[in-house]
Each structure stands twice: as structure tokens, then as C-alpha cells.
Amino acid sequence: MISLTAMGATPTFQRGLTVCCSDAFPSFLPKQVHHIKDSSARKLAARIERLPVSFGEDCVMSSCVKPLVHRETSPVVLLHGFDSSCLEWRYTYPLLEEAGLETWAVDVLGWGFSDLERLPSCSVASKRDHLFQLWKSYIKKPMVLVGPSLGAAVAIDFATSYPEAVERLVLIDASVYTEGTENQPTLSKMLAYFGAFILKSFPLRFYVNFLCFFTDIPLSTKVDWTNIGRLHCLFPWWEDALVDFMMSGVYNVSAQIEQVKQRTLIIWGEEDQIISNKLGVRLHSELPNAIIRQIPDCGHLPHVERPSSVVKLIVEFVQEAKCKEVEYTSQL
């Protein structure tokens, strides 16, 4: 375990704990957003919007952060991990924008800050369909789809179902080998709601911060990060959406990995205590067209713990695509 001071990252987190009183948050966010101290989280929260997305018989006001500038190149679209939100990208998102990339941060259906008062299905199929309709309505170009942790399973499921929408994939400490089922008939709703109650609790979320990060993070920062991570859980429909997902079955994409045709960048924190980097090596061997890069002194969430390193790898990966496009054009 190393300290923030030792790795030269102290200024980032000191800045993150400065309260910016001028932030104007969207009215739909839980009021507890005003208690967040991290300036990067506050700035990104102030940019969250809700866009109408129709899929099937449902229409959901869907939360995301839109790019300030639209570009000719492929947009980078950021998903998030299990039961998280776009605020996961609070440090990485602005760096991607500074690098000149058109960047979206999208909340997966059932999580994040969308309006689910009229609860739609939050199954794997619904999450996939919702993301496709959001892409079709607003993004409209083949994208570089980025998925951390369980978001990697979301990305693989989506890329194999809608290959026309995905130009490239970036998978970060991917949780893609968990076996799911078509449904969970043996899981009672009472047990599912109890699990949701535990998952929402501050002590559990606080403990996860000890597991996810290799860096020696100050206690005050861990408390603030815990509040950021559970902010979306404060919506009255959060439990129902989570239970619907749990009852309908979870992601099982192991059979889809070899079907991925897109060029893929795998990023892994070398000190991940949640998912062994041996699974990253396995994923690299099973994906048809992939490269793997490991980040030293880093745990399960590199985009939170080592945002500059993640951005550097993503920018290089996107530039690789541009170079190949130029090379192809010059040969015509």
C-alpha cells in the first residue's frame, strides 16, 4: 500500500475535497448531492442531464453527461460498474475532454440518476435495448465503448448484439466471468430486497473502498467517495430497479467473448483485490483482437485511482484507430 503523497497525487485529492458553492445542480438529483465535497464530482454532477429515451413500450428520462463539443471522430462513451453511476468518471471525464475527445458518460438503465418512477423492466435485455436506443437517438456514430468492472460485461453484450454501434472496446478490470442464469426463480423477493438494503448501507459501501483501491486514501476522502457512490441509491425507486434486475437474471457473457469483432483495449490495475489480473490475461487470450495494459500500484478502479494513466491509454488507443484510417486512405 502506498500513500497519495508518495505517488505524487496529493494535489488531485486535495482539490477534490474543496467545496464549490457556486455549483448549480439539476433539480432531479437527490438533495444529498449538496453534501458532496469532492469538487470533481460536484462539477460532473452539475452537468448531468436527462434525455428522453423510448424503447419498447417504455420511455425513460435517462441520465447522462453530454459532450460540450461534437467532433468528426468516434465518440468515447463511458459506462460504469455494477450499481454505480456516471459520477464514477469524475476524474477521467474532464481529462478526456481536455484531450480533445467527444466524451459521453451514460448511466446504465436501473442505476444512476434516470427517472424510474414508472419502473420499466431493468433486465439485461432491457439495459441493452435502452442503451441502443440512446445511442441511436443521440450519439448516432460508431463509438469507442468503455466498460469498467461489470460495465465490461454490459459493453461486450452490447457490442456483440449491435456491432454497427461499436467501433472499439475498452474493458477496465473486467467482470465478465460471473455465471448468470436466465432468471432467478429460487430467489425470493424478500431476500432480494434484504440484499438491496445491505448493498445500500453506508458501512458496506465504505468497506468496499478499502477493497477497491491500492492507494492509502485519507479517511475523509473515503467517506466522501462512499457518499458519492451511494448517491443514486437515495431515489425511492432504486430498490425496485435493483430487485427487478436481480430477479430477471444477471450478465453471463463468457460465451460472447469470442464473438467480439472489435479491436479491444484491456486495462487492469496490477493490485486489483476484487478481480484477479489473471482473469485479465485469460480475457486477452480469448478476445480475437485485443491488447492488454496493466497499471502499477493500482486497484480495481483505475479510472478513479489513476485517471491520468487511463486517459493516456485510451487516447493512444483512439489515435491508433486514426492512424490506421489515414494509412488505409493513403493506400486507396
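This is a predicted model, so every value here is computed, not measured. Throughout, numbering of the chain's residues begins at 1 and tracks the sequence.
Taken from CZ in F317 to CG in L169, the straight-line distance is 7.5 Å, to the nearest 0.5 Å. Taking CD1 of I314 as the start and CD1 of I172 as the end, the distance is 5.0 Å to the nearest 0.5 Å. Atom CG of D129 and atom CG of L109 lie 9.5 Å apart (nearest 0.5 Å).
Taking the six-membered ring where the residue is Trp, the centroids of W111 and F245 are separated by under 6.0 Å. When ring centroids are compared, H303 and W89 come within the 6.0 Å threshold. Between F213 and W225, the gap from one ring centroid to the other is short of 6.0 Å.
Listed by first and then second residue, the salt bridge (charged side-chain N to carboxylate O under 4.0 Å, His left out) pairs that reach into residues 49-69 are E49-K66, sequence neighbours excluded. Applying the salt bridge (charged side-chain N to carboxylate O under 4.0 Å, His left out) test to every pair with at least one member in residues 83-101, sequence neighbours left out, gives these pairs: D38-R90, R47-E97, D83-R205. Screening residues 244-255 for salt bridge (charged side-chain N to carboxylate O under 4.0 Å, His left out), with sequence neighbours left out, gives no hits.
Residues I275 and A174 approach most closely at CD1-O, 3.7 Å, considering heavy atoms. Nearest approach of P148 to L79, heavy atoms of both residues: CD-O, 3.6 Å. Across all non-hydrogen atoms, the minimal contact from A41 to I228 is CB-CD1, 3.6 Å. Shortest non-hydrogen contact noted between C86 and A105 is CB-CB, 3.8 Å. The two residues S85 and H232 make their nearest non-hydrogen contact at CB-ND1, 4.4 Å.
Dense packing is recorded around NZ of K141, with more than 12 heavy atoms of other residues, nucleotides or ligands lying under 6.0 Å away. Atom CZ of F194 has 12 or fewer neighbouring heavy atoms from other residues, nucleotides or ligands inside a 6.0 Å radius. Environment of OH in Y207: sparse, with no more than 12 heavy atoms of neighbouring residues, nucleotides or ligands closer than 6.0 Å. Counting non-hydrogen atoms of other residues, nucleotides and ligands closer than 6.0 Å to CD of E164 gives a total above 12.
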Pair H130, V53 - check side-chain contact (heavy atoms from CB on, under 4.5 Å), show working. CA-CA 7 Å; H130 171 265; V53 175; 3.8 Å; yes

Please determine whether side-chain contact (heavy atoms from CB on, under 4.5 Å) holds for the pair V250 and V124, giving the CA-CA distance in whole Å, both sets of side-chain angles, and the decisive distance to 0.1 Å. CA-CA 7 Å; V250 297; V124 169; 5.8 Å; no

Going through the distances and angles, do F28 and D115 end up as a side-chain contact (heavy atoms from CB on, under 4.5 Å)? CA-CA 8 Å; F28 57 78; D115 183 1; over 6 Å; no

Checking F210 against I217 for the side-chain contact (heavy atoms from CB on, under 4.5 Å) test, could you report, in this order, the C-alpha distance in whole Å, the side-chain angles of both residues, the deciding distance, and whether it holds? CA-CA 9 Å; F210 285 91; I217 301 168; over 6 Å; no

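Note on R263 versus E320: salt bridge recorded, some NZ/NE/NH1/NH2 to OD/OE distance being below 4.0 Å.
For the residue pair Q256 / T160, a side-chain donor-acceptor distance below 3.5 Å is found, with atom types taken as modelled. For the residue pair S248/S123, the side-chain donor-acceptor check at 3.5 Å is not satisfied. A side-chain N or O of S114 and one of S63 form a donor-acceptor pair less than 3.5 Å apart.
Checking E102, E167, R168 one by one against S74, the side-chain hydrogen bond (donor to acceptor under 3.5 Å, both in side chains) holds for a single residue, E167.
The hydrophobic clustering, which links ILVMFWY residues whose side-chain heavy atoms are closer than 4.5 Å, places L131 and Y162 together.
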